[in-house]
Amino acid sequence: MRPNFAVSACRGGFSFVIAQRWFILRVYASLKAMNITPFDEIIEQNDQTAARHEHLEKLRELVGNPYPNKFGRSRLSGDEDTITRLLGHPPIAEVDAEMAAILASLGEGERPPAEKKDELNERLKALGNVRIAGRMAVPPRVMGKAAFVHLSDGISRLQIYVRKQDAVAISNDTGEPIDEEGKAWEVFGYLDHGDFIGVEGYLFITNTGELSVHVEKLQFLAKAMLPMPDKMHGIADPEIRQRQRYADLIASSLQIEHDGLTTREVFERRAKIISSIRHFLEDHGYIEVETPMLTPKATGAAAKPFVTHHNALDIELYARIAPELYLKRLVVGGFEKVYELNRNFRNEGISYKHNPEFTMLEFYCAYMDVNGMMDFCEELMRQSVLKATGGLKVTYEGNEVDFGIFRRVGMRQSVIEELERILPESARFDSAWLTDITRVRQLVAFVLRYGDKGKPVSIDQAISIWEDADFTTSFDKGIEDGTLSHEQVFDSFLVHAFEILIEPNLIQPTFIIDFPKSISPLSKASPENPQIAERFELFINGMEVANGFSELNDPKEQYDRFADQMKARESGDEEAMVLDEDYIRALSYGMPPAAGIGIGIDRLTMLLTNKHSIRDVILFPHMRPERKGTSTDETIASEEK
RNA sequence: GGUCCGAUAGCUCAGUCGGUAGAGCAAAUGGCUUUUAACCAUUGGGUCCCAGGUUCGAGUCCUGGUCGGAUCACCA
């Protein structure tokens, strides 16, 4: 993009322009040599920015420093008068209930009766002046010698009315009114959509019944050098929405109409979810801790880590994939109820439900088991949903999700029931097949094909899939080279079949319980069945939202489980867990029986804000870096010839 | 990584069969002292994502690429 000379060119004669242009090109060349992006290349230069630049210079002449340091807002509404406060708590409410009722009805689009309006306006004027500040939320509507414009505080907007003969401008150098006829009107003429101004004036109701401020003093506060997002459409390009979240947030405060929550409301709701969770946990005796984000071992979950290097120690460090093992060390140390609500990092794919860094709540409670944890989790989710949305039912992608009821279903049981339902008559399912390697192979093939074809399939289709279902699977290699026991094959099939057949259909909150032990290396086995882990995952709308279990606290058994994981790692499973010797040492001091859970805050927020993409509930999601323009080098080279 | 879709004025988008690049908003200028998607008049504004190809002629067709979105695989 070429630098824009139009603005500077209008200030001098022809030779001055040539000299200045030459000078600017030299400055550009030296900045480029140091790999510094020139200012004019950071924002695109066009007629819109040129106009705003001219306006900025005019304002500098009129009021002095165009970036003053403060603006004191009045306190008529009881606290500092933000626009939202003034609209929500009109100062007249304390003195006159009837007038307050009329004011409140204006919000519904009603007009006050003519005689009441005059009386109300007298009352409002008698309250004295308010001082408010905000961003100009619309381009000013100018009518010769008077104008209307709305100011926004990011949440609400309040209209101001500027009349040429009534307004005076404030000097930004002295802070005092400029005693000069028509100065404020001239200043107003150089204001653009998006600029920040502060005004002082009295409240009144317009003919069309809108509470407004009749401006007596006008102070310029800051310039918007870039044009504002489209007032009707906001920002349509999802890339710009995510890269320039600030612009997206401005758009959500400026847009006239919108469906669903605005971006700002999404993040306000996210904040509510998080604060309600913190309050709930603290009310129940939990203490918040912070454990290392940079760790010498990436363990505690099955995932690939980000690697970095510490220069002074000259060691590799990993961004943590889970705080789990640190939190349990704290349980060993006597923190009976402990939680951490912070970021985890996983070096894996990006999708609508995965971001490389994501926010996870993990907490642990001594003397509790998996069943107590499910009860507590239900309670925590319910109060959080209630605080964030005001009810227990939310609509997510057309489905009504009811947080009033959480089902509990065994993983094995759910898969058996589904297989009984979908397998053809000619192959009536028998649960003994789940421990027959030949049958499991056929079932794997069937489920894979079934999953590919999507649901539902007819009986005929099921029969033909079943009859064809005899080919090698990814398990065969594991069996042949001895890295997979038959038991592991059965478990893997169960999990796989669950993911394909059951998981996508779990719309209502459902705890899936009874996980195979072999895929739960940190979890205690069930006292009734040593092959089953005391573990659950919570699914809502086909998405895993939480994962909890009775924590394994036998150091020798934990060591053996880690050892199994390390063997799996040896044979190529990059995500198998890494042995943490210090954790084994910690457990050896003795850890009380305990239950723990991890809850994905981003996914919970998606559910409670009806957002399909995780990137819509993360303020600054990860994206590829922007490509820099490369044209200026050639421009300079050709200009200098 | 696979598949599908998209990229045109500052913004939101049209652009027919391959034949002179369009609208609304925004901007600039003028008018208008209670408007509210203010209104009226006038004006300026384009590397049609990039590179090749086909053609007398490409925003449009073909090939390759960049960026983005959706989806699948992996994962929480």
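Reminder, nothing fancy here: chain letters follow the sequence lines and each chain counts from 1.
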[N] [atom2] sits how many Å from [X] [atom1], rounded?
{"X": "A:N46", "N": "B:A28", "atom1": "CG", "atom2": "P", "value": "12 Å"}
{"X": "A:M543", "N": "B:C74", "atom1": "CE", "atom2": "P", "value": "18 Å"}
{"X": "A:Y161", "N": "B:U35", "atom1": "OH", "atom2": "C1'", "value": "9 Å"}
{"X": "A:M225", "N": "B:A26", "atom1": "CE", "atom2": "P", "value": "20 Å"}
{"X": "A:Y190", "N": "B:U29", "atom1": "OH", "atom2": "C1'", "value": "12 Å"}
{"X": "A:E239", "N": "B:C5", "atom1": "CD", "atom2": "C1'", "value": "16 Å"}
{"X": "A:I618", "N": "B:A76", "atom1": "CD1", "atom2": "P", "value": "16 Å"}
{"X": "A:K164", "N": "B:U34", "atom1": "NZ", "atom2": "P", "value": "15 Å"}

Practice task
Assess whether atom NZ of A:K58 is packed by more than 12 heavy atoms of other residues, nucleotides or ligands within 6.0 Å.
Solution key: no
Handout entry: Position toward the 5' end of RNA chain B (nearest nucleotide), A:S613 or A:A301
Key = A:S613
Practice task
Would you mind telling me which residue lines up with the more 5' stretch of RNA chain B, A:A236 or A:H55, judged by nearest nucleotide?
Solution key: A:A236
Give me the distance, rounded to whole Å, that separates [N] from [M] when you measure between the [atom1] atoms they each carry.
{"N": "B:A41", "M": "B:C56", "atom1": "P", "answer": "47 Å"}
{"N": "B:C13", "M": "B:C74", "atom1": "C1'", "answer": "38 Å"}
{"N": "B:A9", "M": "B:G22", "atom1": "C1'", "answer": "10 Å"}
{"N": "B:A38", "M": "B:G46", "atom1": "P", "answer": "27 Å"}
{"N": "B:G52", "M": "B:G57", "atom1": "P", "answer": "16 Å"}
{"N": "B:C49", "M": "B:U8", "atom1": "P", "answer": "6 Å"}
{"N": "B:U47", "M": "B:G59", "atom1": "C1'", "answer": "12 Å"}
{"N": "B:U35", "M": "B:U42", "atom1": "C1'", "answer": "23 Å"}

Classify the nucleic acid contact of [X] as base, sugar-phosphate or nothing, counting any heavy atom under 4.0 Å across all strands shown.
{"X": "A:A302", "answer": "sugar-phosphate"}
{"X": "A:H150", "answer": "base"}
{"X": "A:R615", "answer": "sugar-phosphate"}
{"X": "A:Q159", "answer": "base"}
{"X": "A:H612", "answer": "sugar-phosphate"}
{"X": "A:A303", "answer": "nothing"}
{"X": "A:N355", "answer": "base"}
{"X": "A:Q242", "answer": "sugar-phosphate"}
{"X": "A:D237", "answer": "sugar-phosphate"}
{"X": "A:K304", "answer": "nothing"}
{"X": "A:R603", "answer": "base"}

Flag the pair [X] and [Y] as a salt bridge only when some basic side-chain nitrogen lies within less than 4.0 angstrom of an acidic carboxylate oxygen.
{"X": "A:E357", "Y": "A:R343", "answer": "yes"}
{"X": "A:R535", "Y": "A:E537", "answer": "yes"}
{"X": "A:D602", "Y": "A:K353", "answer": "no"}
{"X": "A:K223", "Y": "A:D195", "answer": "yes"}
{"X": "A:E181", "Y": "A:K164", "answer": "no"}

Exercise for the section: Could you work out which one of B:A28, B:U33, B:C13 sits closest to the side chain of A:R163? Expected result: B:U33
Practice task
When you get a sec, tell me which of B:C11, B:A28, B:U33 is the closest nucleotide to the side chain of A:K145?
Solution key: B:U33
Problem - Audit row: A:K217, A:N129, side chain to side chain donor-acceptor pair (under 3.5 Å) steps and yes/no - result: CA-CA 10 Å; A:K217 290 177 188 164; A:N129 280 357; over 6 Å; no
Handout entry: Check: B:U34 base within 3.5 Å donor-acceptor of A:E210 side chain
Key = no
Practice task
May I ask you to decide if the ring planes of A:H214 and A:Y161 are parallel, tilted or perpendicular, using 30° and 60° as cut-offs?
Solution key: perpendicular
Exercise for the section: Please confirm whether A:F536 and A:F549 have ring centers closer than 6.0 angstrom. Expected result: no
Practice task
Look at A:H233 and B:G24 and indicate whether a side-chain polar atom (N or O) is within less than 4.0 Å of OP1 or OP2.
Solution key: no
Exercise for the section: Ignoring backbone atoms, test whether A:R52 places a side-chain nitrogen or oxygen under 4.0 Å from the OP1 or OP2 oxygen of B:A26. Expected result: no
Handout entry: B:A70 base stacked by A:Y352 (centroids within less than 5.5 Å, tilt under 30°)
Key = no
Exercise for the section: List the steps, then state whether ring-ring contact (aromatic ring centres under 6.0 Å, His included) holds for A:F498 with A:F515. Expected result: CA-CA 11 Å; A:F498 169 78; A:F515 274 64; 7.0 Å; no
Handout entry: Modelled atom types, side-chain donor and acceptor of A:H150 and A:E210, under 3.5 Å
Key = yes
Practice task
Can you check each nucleotide of nucleotides 38-44 of chain B against protein heavy atoms at under 4.0 Å and return B for base, S for sugar-phosphate only, - for none, in 5' to 3' order?
Solution key: B-----B
Watson-Crick or G-U counterpart of [N], or none if no pair lies under 3.5 Å:
{"N": "B:A38", "result": "none"}
{"N": "B:C67", "result": "B:G6"}
{"N": "B:A27", "result": "B:U43"}
{"N": "B:C74", "result": "none"}
{"N": "B:G19", "result": "B:C56"}

